[in-house]
Amino acid sequence: AAEPAATGGDAAAPEASADGMADVPTKIDVSAVKEEGRIAMFVPAPTEFQAALQASDIKIDIRKLVKDSGRTLEGKNRSIIALETGVRLSNLLLSVQAQDKTEVINRVKLARDGVEALGLPQEVLAGIDSTMKEYQDGSLSDAELGPVLDILAKGIRDDLADQADPTLATLVEAGGWVQGVYLLSTALGEQGVTGDAADLLHQPTVLAHFTKFIKESDAGRAGDPDVVSVIGELDKMQVIASKAELTSDDVKAVAAHTAAILAWF
């Protein structure tokens, strides 16, 4: 902020409050802001989970493991809807170039239902509809669809972040991350693989970041039974993630915990 204008050679003193103390502006905790930004920057995107397998020469195509759950959004609170929407967006982004056109379009509709249930503005829904129209009529190719959907997904999170409840965007991201971890840990666990391929499962800081946000969500503070169960599974994962290295049993345990979390959605 600019320095206050000097009067008579001296800077104006802060105005005293009713209790006689000077009103001093609250300082921003710069270190806390930096830490939040650093964590958010390193949250793996859904497509990074497939890249982790490819970099390790493991013959698993995570895209072919994606299954639609059939979970409904009806009767769910906004926190659970946000988490489920993140799962649906993750499924879409992971499998966009690995499935036939009908499955891709169905997954777009599932993601759109979640976005609509969260109350995003009509222009966001119109953007999804326009993309699907271009994809269906062939003016948008399979190769082009992935990057376009990546941009749409980022726009959805940005719009959510601007709403009254700033935790919704993070919960959407958390849902996508849990789905990615579930698919990766399931694939690795089935083959007993650890090492570099499991690095995306071994991120205690990111896990703590999401756990904190879910605990501080409206449903978390209210003690919603479903959200309390999700938090319990995340806490168990934190114990595993705090280890120096992950064993094959640890990877299988992560798959079990994330499966349990998804079941509570």
Take T85 and L89, measure what side chain to side chain contact (heavy atoms under 4.5 Å, CB included) needs, and give me the verdict at the end.
CA-CA 6 Å; T85 300; L89 285 168; 4.2 Å; yes

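- V228 and I81 are members of different hydrophobic clusters when ILVMFWY side chains are connected at heavy-atom separations under 4.5 Å.
- Using a cutoff of 4.0 Å between basic side-chain nitrogens and carboxylate oxygens, R71 and E84 are scored as salt-bridged.
- Following chains of ILVMFWY side-chain contacts shorter than 4.5 Å, one can reach V108 starting from L140, so the two form part of one hydrophobic cluster.
- In terms of heavy-atom proximity, V96 sits nearest to G146 at CG1-CA, 4.0 Å.
- A side-chain N or O of D250 and one of T247 form a donor-acceptor pair less than 3.5 Å apart.
- Linking Ile, Leu, Val, Met, Phe, Trp and Tyr residues whenever their side-chain heavy atoms come within less than 4.5 Å leaves V251 and V239 in two separate clusters.
- With sequence neighbours left out, K154 forms a side chain to side chain donor-acceptor pair (under 3.5 Å) with D158.
- Cluster membership check: I151 does not share its hydrophobic cluster with V104, using side-chain heavy-atom separations under 4.5 Å among Ile, Leu, Val, Met, Phe, Trp and Tyr.
- Rounding to the nearest 0.5 Å places CG of L120 at 12.0 Å from CZ of R157.
- Between S90 and G176, the closest heavy-atom pair is OG-O, 3.4 Å.
- For the atom pair M132 CE and D137 CG, the distance stands at 10.5 Å (nearest 0.5 Å).
- The two residues L234 and I214 have their closest heavy-atom pair at CD1-CD1, 3.7 Å.
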Go through the steps for V178 and V87 under the test side chain to side chain contact (heavy atoms under 4.5 Å, CB included), then give the verdict.
CA-CA 8 Å; V178 168; V87 171; 5.8 Å; no

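- What you find for A153 and L93 is that their closest heavy atoms are CB-CD1, 4.2 Å.
- In this structure, CZ on F210 lies 10.0 Å from CG on L83, to the nearest 0.5 angstrom.
- Summarising the geometry, atom CZ belonging to R78 is positioned 6.0 Å from atom CG belonging to L118; distances are rounded to the nearest 0.5 Å.
- Side-chain contact annotation: E134 with T131, donor-acceptor N/O pair under 3.5 Å absent.
- The line from CD of E216 to OG1 of T211 is 11.0 Å long, rounded to the nearest 0.5 Å.
- Closest non-hydrogen pair, A244 versus H202, comes out as O-CE1, 3.0 Å.
- Taking CD1 from I156 and CG from L168, the interatomic distance works out to 13.0 Å, rounded to the nearest 0.5 Å.
- Between D129 and R112 there is a salt bridge, with a side-chain nitrogen of the basic residue lying less than 4.0 Å from a carboxylate oxygen of the acidic one.
- K215 meets the salt bridge (charged side-chain N to carboxylate O under 4.0 Å, His left out) test with D235; sequence neighbours excluded.
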Run L201 and L188 through side chain to side chain contact (heavy atoms under 4.5 Å, CB included) and show every step you take.
CA-CA 10 Å; L201 309 178; L188 298 179; 4.1 Å; yes

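- Here the shortest heavy-atom pairing between V66 and R107 reads O-NH2, 3.3 Å.
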Extract all donor-acceptor atom pairs below 3.5 Å that involve side chains of residues 255-265 and protein atoms in other chains or at least two apart in sequence.
from : atom 1 : to   : atom 2 : distance (Å)
H257 : ND1    : E233 : OE1    : 2.8
T258 : OG1    : V254 : O      : 2.8
T258 : OG1    : A255 : O      : 3.1

From CA spacing to verdict: side chain to side chain contact (heavy atoms under 4.5 Å, CB included), E103, D68:
CA-CA 10 Å; E103 285 191 304; D68 298 313; 5.6 Å; no

